[in-house]
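Because the structure is predicted, anything quoted here is derived from the model rather than measured. No hydrogens, no waters, no symmetry mates; every other heavy atom, side chains included, goes into these values.
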Amino acid sequence: MYDYDLLVVGSANADLVIGVERRPAAGETVLGSDLSVHPGGKGGNQAVAAARLGARTALLARVGDDGHGRLLLDAQRAAGVDTVGVLVGGAPTGVALITVDPSGDNSIVVSPGANGRLTPGDVRAAGSLFHASRVVSTQLEIPLETVVEVVRCLAPDSRFVLNPSPPLPLPPEVLAACDPLIVNEHEARVILGDALVSERPEDWARILLAKGPRSVVVTLGAEGALVASGAGVARVPSVKVEAVDTTGAGDAFTAALAWRLGTGDSLTEAAAYAARVGAAAVTKPGAQESYPTAAEAEAL
């Protein structure tokens with residue numbers, strides 16, 4: 001019935017990465033490693049992660065008519081992603097400036113570029129992709145009005161997955177479509193705002209669920225994740241690995257979870273699988289280059 005297991009609507013960036021001993025303080029200059037350039041962006045990352053696992057995947061995004069745009073298109077095609085929905089032009093390709101410290105933690109500044117020109121009209125024009133896709137996943141590195149249009153264009157039986165990163169207040173229409181809403185600790189705090197009346201992640205999940213999503217996943221890094229739905233709240237354990245670079249690990253988690261939900265896994269089963277995929281991703285440097293195949297994920 002569906003041509004694609006997953007349609008990712010979102011950002012595609014060139015990641016400009018520098019290793020540092022520590023992040024600079026205000027007004028301070030620190031020396032770093034040689035600059036490396038990698039294909040990235042939350043949308044591009046999710047599409048590659050899903051395709052690498054074996055999902056039939058399409059990407060709806062916008063890149064510039066420049067070298068970075070060609071790098072991103074080549075990376076998507078090499079991973080097996082269908083790029084029929086990738087639009088070219090309108091602005092330079094988006095860029096993410098990333099510093100990575102010796103522990104593998106990262107800090108990121110994003111220049112949206114062409115991602116900010118992915119419009120509701122672009123979404124409506126891609127209606128055939130939505131009707132051909134079992135699951136649709138997006139993030140907030142594209143305009144919020146475009147995400148709203150994604151919700152309005154969903155096929156009747158498809159499932160919508162949202163990682164609200166970077167976090168913004170979400171319209172009720174978007175929250176009501178999320179199944180699940182996937183947040184990390186920082187995103188949960190921002191979205192909860194004044195409703196953050198507890199330091200227990202289990203309470204965050206319940207309060208977020210009460211805001212309208214059909215289900216919620218709270219990722220907790222090395223502590224695993226929580227899944228919440230009408231059936232209750234459950235904890236999903238993490239997989240213990242030696243972290244090298246956490247860049248893009250959350251995108252790998254989201255992609256794996258979205259794909260497995262489409263195959264019929266329960267939310268808990270899909271989150272447990274996604275935890276293995278995310279763990280595998282942090283054991284190698286980079287984002288898309290670190291994403292495992294299905295066999296590598298199963299080996300964990």
Side-chain angles (χ1 to χ4, degrees), residues 8-11 13 15 23 26 40-43 45-46 94 96-99 101 105-112 115-116 118 136-151 160-229 233 235-236 238 246-255 257-258 267 271 274-275 278 282 287:
V8 180
V9 185
S11 58
N13 294 325
D15 287 349
R23 297 181 184 87
K42 291 186 178 298
N45 287 351
Q46 287 185 15
L97 307 177
I98 303 173
T99 60
D101 71 16
D105 284 334
N106 62 69
S107 295
I108 304 174
V109 178
V110 174
S111 171
N115 297 308
L118 188 67
V136 178
S137 176
T138 191
Q139 329 77 36
L140 296 185
E141 287 185 337
I142 57 175
L144 184 57
E145 63 183 8
T146 304
V147 175
V148 172
E149 194 62 32
V150 168
V151 169
F160 179 64
V161 176
L162 174 65
N163 171 220
S165 180
L168 292 170
L170 296 171
E173 180 180 4
V174 172
L175 282 169
C178 294
D179 193 13
L181 175 73
I182 303 177
V183 293
N184 63 20
E185 296 174 67
H186 168 67
E187 293 151 4
R189 289 177 181 275
V190 171
I191 292 172
L192 285 170
D194 293 340
L196 184 67
V197 295
S198 168
E199 289 301 312
R200 297 182 67 247
E202 287 83 358
D203 293 332
W204 303 348
R206 293 187 182 95
I207 297 168
L208 285 169
L209 193 64
K211 287 181 172 289
R214 302 176 193 181
S215 59
V216 170
V217 176
V218 181
T219 60
L220 301 170
E223 300 304 313
L226 290 171
V227 300
S229 67
V233 179
R235 186 173 281 270
V236 176
S238 64
T246 61
T247 305
D251 302 327
F253 179 98
T254 297
L257 186 143
L267 186 59
V282 306

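- Side-chain contact of Ser11 with Asn115: a donor-acceptor pair under 3.5 Å is absent, judged by distance alone.
- From Thr138, atom OG1 reaches atom CD of Glu149 across 12.5 Å, with rounding to the nearest 0.5 Å.
- Side-chain N/O atoms of Asn163 and Glu187 include a donor and acceptor closer than 3.5 Å.
- Listed here is the closest heavy atom pair of Ala188 and Trp204: CB-CE3, 4.0 Å.
- The shortest side-chain heavy-atom distance between Pro166 and Glu141 falls under the 4.5 Å cut-off.
- A pairwise comparison of heavy atoms in Gly41 and Asp15 identifies N-OD1, 4.0 Å as the closest pair.
- The structure places CG of Asn184 at 10.5 Å from CZ of Arg189, a figure rounded to the nearest 0.5 Å.
- When atom types are taken as modelled, the side chain of Ser198 and the backbone of Arg200 share a donor-acceptor pair closer than 3.5 angstrom.
- The minimum heavy-atom distance linking Leu257 with Pro180 is given by the pair CD2-CG, 3.8 Å.
- Residues Leu97 and Ile108 fail the side-chain proximity criterion, which asks for heavy atoms closer than 4.5 Å.
- Between Asn45 and Gly40 the shortest heavy-atom distance is OD1-CA, 3.2 Å.
- Heavy-atom minimum distance, Arg206 versus Val233: CG-CG2, 3.7 Å.
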Side-chain donor-acceptor pairs under 3.5 Å in residues 207-226, sequence neighbours left out?
residue	atom	partner	partner atom	Å
Arg214	NE	Ala176	O	3.3
Ser215	OG	Asp179	OD1	2.7
Thr219	OG1	Val183	O	3.4

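- Test Ile182, Leu170, Leu175, Val151 against Leu162 for side chain to side chain contact (heavy atoms under 4.5 Å, CB included) and you get one pass: Leu170.
- Atom NZ of residue Lys42 and atom CD1 of residue Ile142 lie 12.5 Å apart, to the nearest 0.5 angstrom.
- Contact check for Ile191 versus Pro164: side-chain heavy atoms found under the 4.5 Å cut-off.
- For the 3.5 Å distance criterion, the side chains of Gln46 and Ser137 qualify, holding a donor opposite an acceptor.
- In plain terms, the two heavy atoms of Leu144 and Pro169 that are nearest each other are CD2-O, 3.9 Å.
- Taking CG from Asn13 and OG from Ser111, the interatomic distance works out to 8.0 Å, rounded to the nearest 0.5 Å.
- Ile98 has its side chain out of reach of Ser107: every pair of non-hydrogen atoms, C-beta onward, lies at least 4.5 Å apart.
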